[in-house]
Every structure is written in structure tokens, then in C-alpha cells.
Amino acid sequence: MNIIRNLPGPLLVFIGAVCLSFGGLIIKSFEGANLWQILFWRQFFFTVTVVIYLLYTYKKNFFSTFYKSGLPGFIAGLFLGIGFAAYVFAMYYTTVANTLFIITTETIFLAFFGYIFLKEKINLVTLISILLGMSGVLLIVGSSLSLQTSEQFFGNIIAFVMPISFAVLIIIVRKYPDTDMVPSQLVAGVIAALIGFVVAGKLLISPYDLFLGFMAGVFQIGFGFILITIGSQTTPAAVVGVLMLTEAVLGPIWAWLFINEIPPVTVVIGGSIIILAIIFEFILSKKKK
């Protein structure tokens, strides 16, 4: 695990964002499971993944990691757990494009919270990257933001919980860079799984849906959030926000490749703009150091 921690923080955040980008594809691929069953099994396997990571990393000091993360770790876990539930809810009731667009507002929340709570100034390079990235996302999904039903409207509103909860997590990680906040992921997984367990009624689902729950819990959010949490310790909040835009451009691409949702020209153009924003941030920020 030390190999992971020795990698550059921005690279870890980027890889984590790639993992998260499969969320919409996986959730839309469930055949018979309902919203709350999906939430439970997704978070169940996520929790197991985090437990294995913490046991491998800390061994006999497993329980002491929660004590060291303290109240900040619990608060981060609480917010993220609610965010996990909101993400599945939004993906279930509204479109992947709508959800991804709303999630990208985390760039705004991260920059704003970083400035307010961490006194991290937003330099010109990062500001331009944020504006470029957001314009690309707007181009991709702007035409799809039509509130056709009350369910879709409610799904869009709930989706805003995820970027806020994610921003809170990253700000706490940045506020306490010497404290391992991965234990907060376990808190988040347990909270979200309990929500799914209480509401779902019955948990029995098909083997196919169970496999999708495994993929979502272990690969998508398991690896994704562990890498992002570790990488955020050494990456400015606003930069994390720019790199997280990767999720928005790759999500529609996976849908195109695996379930034959052919993206329009605007998706290709918008995706190119987002990639340009990420490259712009990497190259110019590195030169300024």
C-alpha cells in the first residue's frame, strides 16, 4: 500500500475519478433490483473493500485508526454516506447525464469551501481550468436538462447532495493532511448500507445483479474513493475539483461503448474541452512550482 501513497496525489485523484465514471453504467445495468437493494449491496461490498484495505494497511492497529481520525473523520463519513445514498437515488430516478452534470458542481463547492475554510487562493490557471471544464460539461449535457417528470425533478434536486458531501470530505482531508481519512470511508459505507437495509425490505436479488453490486462496491467506489481520499491529502481542493471532471466525460463514453448509447457531436466536443482543461491544469500548474 506504500506504493500507492508514494504516487503523485493528482494522479491518484485522476485514477479514482476514472473508477467513479463507471457508476452510471453499472446502476443502469441492474435488471431487477430496486433502488434500495442496489444501495445496500453496493455499500456492503464497498464496506468490505475498505475493511480489507485498513486491515492490510494497519493490521493490529485497525481500531486505533478510527480513534485517530476522530470527530473530523466521523463527520466526513456521515456526509459521504448520505452522499452515497443520494447518488444512487439520483441515478435511479433521473438521467446519467443530469446526475453527472450536477455532480460536476463539486468543482465550484471545492474551490469555494477551500477558499473559505482553508484559505486556499484560486490562482488564474486553476480558475481558467474550472471555467473550461464546466463549459465542456455544460456543452455535453446542457440540452438534456429538461425536467420532464416530478420524479426527475426530485432526482435532480437530490443529486446536489453528492457534490456537497464530496466537497466536505475533501476539505476535511485537506484540513487534516496528516490524518488518514480512509476510515471515514468505512463509516460512510456502513451509514449508506444501513439506509438501504432499512428501506429495502428484502435483500435477495439475482446473481447477475449481485455481481453488479460487487463491481460497484469494490471497483467503482471502493478503489475510486480510497485513491481520491489518499490523493487529496497532497492535492489542492480546487485542483481535485478539476480532475474530478474526468468522471463527467468518461461516463457517457462507457455508456456508448457498452450499452450502445451513441453520444452526439456535442459530447465529443465537450469531452475534448474537459480533457484540455485537465491537461492545462497539469502542465501550467507544474511550471509554476
Side-chain angles (χ1 to χ4, degrees), residues 1-23 26-27 38-85 87-88 162 165-197 210-235 240 243-244 246-247:
M1 294 301 176
N2 289 331
I3 296 177
I4 295 177
R5 292 185 176 276
N6 289 332
L7 292 174
L11 177 61
L12 293 177
V13 174
F14 173 76
I15 297 174
V18 172
C19 293
L20 294 185
S21 68
F22 287 92
I26 294 174
I27 290 176
I38 294 173
L39 176 62
F40 172 80
W41 287 110
R42 180 177 184 258
Q43 301 310 139
F44 171 81
F45 287 115
F46 170 74
T47 301
V48 171
T49 301
V50 177
V51 167
I52 293 173
Y53 169 82
L54 291 174
L55 285 174
Y56 182 86
T57 303
Y58 294 103
K59 299 179 176 61
K60 63 180 181 180
N61 296 320
F62 172 81
F63 291 103
S64 66
T65 60
F66 295 92
Y67 176 78
K68 290 179 180 178
S69 64
L71 182 60
F74 177 79
I75 294 174
L78 176 62
F79 272 86
L80 187 60
I82 296 172
F84 280 153
Y87 178 90
V88 175
M162 187 62 203
S165 67
F166 178 80
V168 171
L169 167 68
I170 299 304
I171 293 302
I172 291 177
V173 171
R174 294 287 297 148
K175 183 73 172 179
Y176 304 93
D178 297 325
T179 302
D180 188 357
M181 286 296 171
V182 173
S184 68
Q185 310 289 316
L186 181 57
V187 174
V190 171
I191 290 174
L194 284 174
I195 294 174
F197 176 79
L210 189 63
F211 171 74
L212 289 178
F214 171 83
M215 290 297 293
V218 176
F219 169 70
Q220 189 234 334
I221 56 174
F223 292 167
F225 273 95
I226 288 175
L227 293 177
I228 290 169
T229 301
I230 296 173
S232 297
Q233 291 178 305
T234 55
T235 307
V240 173
L243 294 174
M244 288 301 296
T246 305
E247 179 185 3

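Reckoned from all heavy atoms, side chains included, excluding hydrogens, waters and symmetry mates.
Contact detail for Ser184 and Leu169: the closest heavy-atom pair is OG-CD1, 3.9 Å. The minimum heavy-atom distance linking Gly9 with Thr234 is given by the pair CA-OG1, 3.5 Å. Across all their heavy atoms, Leu227 and Ile15 have their closest contact at CD1-CG2, 3.6 Å.
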*Go through the steps for Leu186 and Phe46 under the test side-chain contact (heavy atoms from CB on, under 4.5 Å), then give the verdict.*
CA-CA 8 Å; Leu186 181 57; Phe46 170 74; over 6 Å; no

_For Thr49 and Gln185: C-alpha separation, side-chain torsions, deciding distance, then whether side-chain contact (heavy atoms from CB on, under 4.5 Å) applies._
CA-CA 10 Å; Thr49 301; Gln185 310 289 316; over 6 Å; no

*After noting the C-alpha distance and the side-chain angles of Ser232 and Val173, does the key distance pass the side-chain contact (heavy atoms from CB on, under 4.5 Å) rule?*
CA-CA 7 Å; Ser232 297; Val173 171; 4.0 Å; yes

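Contact of the Val168 side chain with the Ser165 side chain is not registered, since no non-hydrogen atoms from C-beta on lie closer than 4.5 Å. Side-chain contact between Pro183 and Leu54 is present, with at least one heavy-atom pair separated by less than 4.5 Å. Using a 4.5 Å heavy-atom threshold, the side chains of Val182 and Tyr53 count as touching. Arg42 has its side chain out of reach of Phe214: every pair of non-hydrogen atoms, C-beta onward, lies at least 4.5 Å apart. Looking at Cys19 and Phe219, their side chains come closer than 4.5 Å, going by heavy atoms from C-beta outward. A heavy-atom distance below 4.5 Å is not found between the side chains of Ser69 and Asp180.
A donor-acceptor contact shorter than 3.5 Å links the side chain of Ser21 to the backbone of Val18. Remark: the backbone N or O of Gln233 is paired with a side-chain donor or acceptor of Arg174 at under 3.5 angstrom. Checked by atom type and distance alone, the side chain of Gln43 never pairs as donor or acceptor with a backbone atom of Ala192 at under 3.5 Å. Although no hydrogens or angles enter the test, the distance criterion places no donor-acceptor pair under 3.5 Å between the side chain of Glu247 and the main chain of Ala17.
Remark: Leu80 CG to Ile170 CD1 distance equals 9.0 Å, nearest 0.5 Å. Rounded to the nearest 0.5 Å, atoms CD1 (Ile226) and CD1 (Ile221) are 10.0 Å apart. Interatomic distance, Phe14 CZ to Leu243 CG, rounded to the nearest 0.5 Å: 8.0 Å. Of the inter-residue distances, the one linking Ile171 atom CD1 with Phe166 atom CZ reads 10.0 Å to the nearest 0.5 angstrom. Atoms CG and OG1, on Leu55 and Thr65 in that order, are 9.0 Å from each other to the nearest 0.5 Å. Note that the CG atom of Leu39 and the CD1 atom of Ile195 stand 6.5 Å from one another [nearest 0.5 Å].
Ring-centre distance between Phe84 and Phe225: below the 6.0 Å cut-off.
The neighbour count for Phe22 CZ, taken as heavy atoms of other residues, nucleotides or ligands under 6.0 Å away, is above 12. Within a 6.0 Å sphere centred on CZ of Phe74, other residues, nucleotides and ligands contribute 12 heavy atoms or fewer. In Phe197, the CZ atom is not crowded: 12 or fewer heavy atoms of neighbouring residues, nucleotides or ligands sit closer than 6.0 Å.
Checking Thr229, Ile230, Val187 one by one against Met181, the side-chain contact (heavy atoms from CB on, under 4.5 Å) holds for a single residue, Thr229.
A cation-pi geometry, defined here as NZ or CZ lying under 6.0 Å from the six-membered ring centre and within 45° of its normal, holds between Lys59 and Tyr56.
Using cut-offs of 30° and 60° for the angle between ring planes, the Phe40 and Phe44 rings count as parallel.
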